[in-house]
Amino acid sequence: MRKHIFNAGPCKLSDSCLENTSKAILELNNSGQSILEVSHRSKDFQAVIDEAVALFKENLNIPDNYHVLFLGGGASSQFAMLAMNFLKTKAAYVNTGTWSKKALQEAQLFGEVEVIASSEDKNYTYYPKGFKIPTDVDYLHITSNNTIRGTEIFEDLDSPVPLIADMSSDIMSRPVDVSKYAMIYGGAQKNVGPAGVTFVIIKDEFMKSAIKDRVIPTMFKYDVIADGGSMYNTPPCINIFALNETMKWVKAQGGVKEMERRAIERKEMLYAEIERNPLFRVTVEEGSRSRMNIPFIWAEGKEELQDKFLKFAAERNIVGLKGHRSVGGFRASTYNACSIDDVKALIKCMQDFEKEV
Ligand SMILES: *Cc1c(COP(=O)(O)O)cnc(C)c1O
């Protein structure tokens with residue numbers, strides 16, 4: 001039986017993605033070969049990656065003067081790769097939690113970092129708003145959704161300098177005005193596929209502005225990856241296949257507008273229960289609450305129920321609730337493939353537990 005999966009990443013994927021990827025593992029398109037065996041230079045695989053790029057662009061309404069690239073290395077490699085390419089002297093970073101901090105620490109390997117806004121003062125429980133963006137920096141970097149702390153910004157900022165966003169955990173969960181960004185990137189394993197492929201949406205003009213007088217290894221040059229159609233080297237073929245299946249699913253469900261409608265519904269239902277249930281407390285300030293990651297903690301004095309509740313939930317086929325090891329408590333990750341039924345099962349579990357203790 002399929003469980004109610006609230007994992008933070010890797011996480012739940014659509015049934016159609018799982019079914020079609022399983023079939024392709026056995027045989028891709030009557031080719032007599034598995035997606036695991038087929039050459040990445042074959043017609044069959046070229047069709048897969050072409051469709052994945054096209055649907056990614058279509059779903060997110062990405063303008064023509066942008067490339068969509070698929071790479072290895074995860075979002076964590078992008079932290080360094082983007083700075084290697086674009087940080088000439090100084091870059092501005094907004095520090096909204098663990099991932100932002102990792103991103104800016106990697107950037108410091110290549111130049112000066114100015115933290116222009118931070119929510120560290122309140123343990124990252126809000127998203128800073130209304131900060132002033134300096135004009136003397138090479139770019140501004142933000143993390144649009146903070147997977148660990150559960151804060152999110154829903155606005156596409158107007159930035160006087162190139163805007164770069166780590167959208168690992170909220171990509172494809174709402175319409176985005178891509179034209180406001182120089183680059184958007186992320187690991188696929190939250191909303192667009194399995195772990196092992198990294199997406200980069202990059203404006204052509206920005207890509208061309210990469211630093212010329214720095215030694216950059218070939219594999220870390222965006223224009224080389226773009227010129228090779230994300231196949232300068234062997235790409236993660238099966239991951240791209242599963243990503244494509246996820247893009248088909250998003251489109252068939254009604255696109256990112258529908259993903260957003262569902263995300264808002266899930267979030268409102270779950271937050272309402274956390275606030276109602278006397279056993280639990282929210283951690284994130286209203287107005288900054290993520291639709292994708294919903295952290296909650298025990299009400300005062302209830303902490304000793306932790307293991308009992310996780311066991312109670314597991315008996316009801318609910319998995320993935322344990323908070324990040326750096327935060328504790330709980331976190332329900334409600335990405336695109338998380339259904340209203342999953343959320344209802346969790347709410348019922350919280351209500352039943354309240355009656356039981
Ligand atoms: C998961 C995550 C990362 C790390 O992604 P990897 O692909 O594991 O490197 C970075 N940023 C955010 C916002 C994330 O959610």
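Remember, predicted model here, so these are calculated numbers, not experimental data. Counting starts at 1 for both ligands and their atoms, following the listed order.
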Determine, for R276 against E354, whether the closest basic-nitrogen to carboxylate-oxygen distance falls under 4.0 angstrom.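 Result for this pair is yes, salt bridge flagged.
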[X]-[Y] aromatic ring centre distance below 6.0 Å:
| X | Y | value |
| --- | --- | --- |
| F45 | H40 | no |
| F312 | F353 | yes |
| F6 | F330 | no |
| F206 | F86 | yes |

Taking only heavy atoms of the protein into account, state which residues are under 4.0 angstrom from an atom of ligand 1, in chain and number order.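 The 4.0 Å shell around ligand 1 contains G74, A75, S76, F79, W99, T143, N145, T147, D166, S168, S169, G187, Q189, K190.
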All N/O donor-acceptor pairs, side-chain side in residues 216-232, below 3.5 Å, sequence neighbours left out:
from, atom 1, to, atom 2, distance (Å)
Y222, OH, Q78, OE1, 2.6
Y222, OH, L82, N, 3.3
S230, OG, F70, N, 2.8

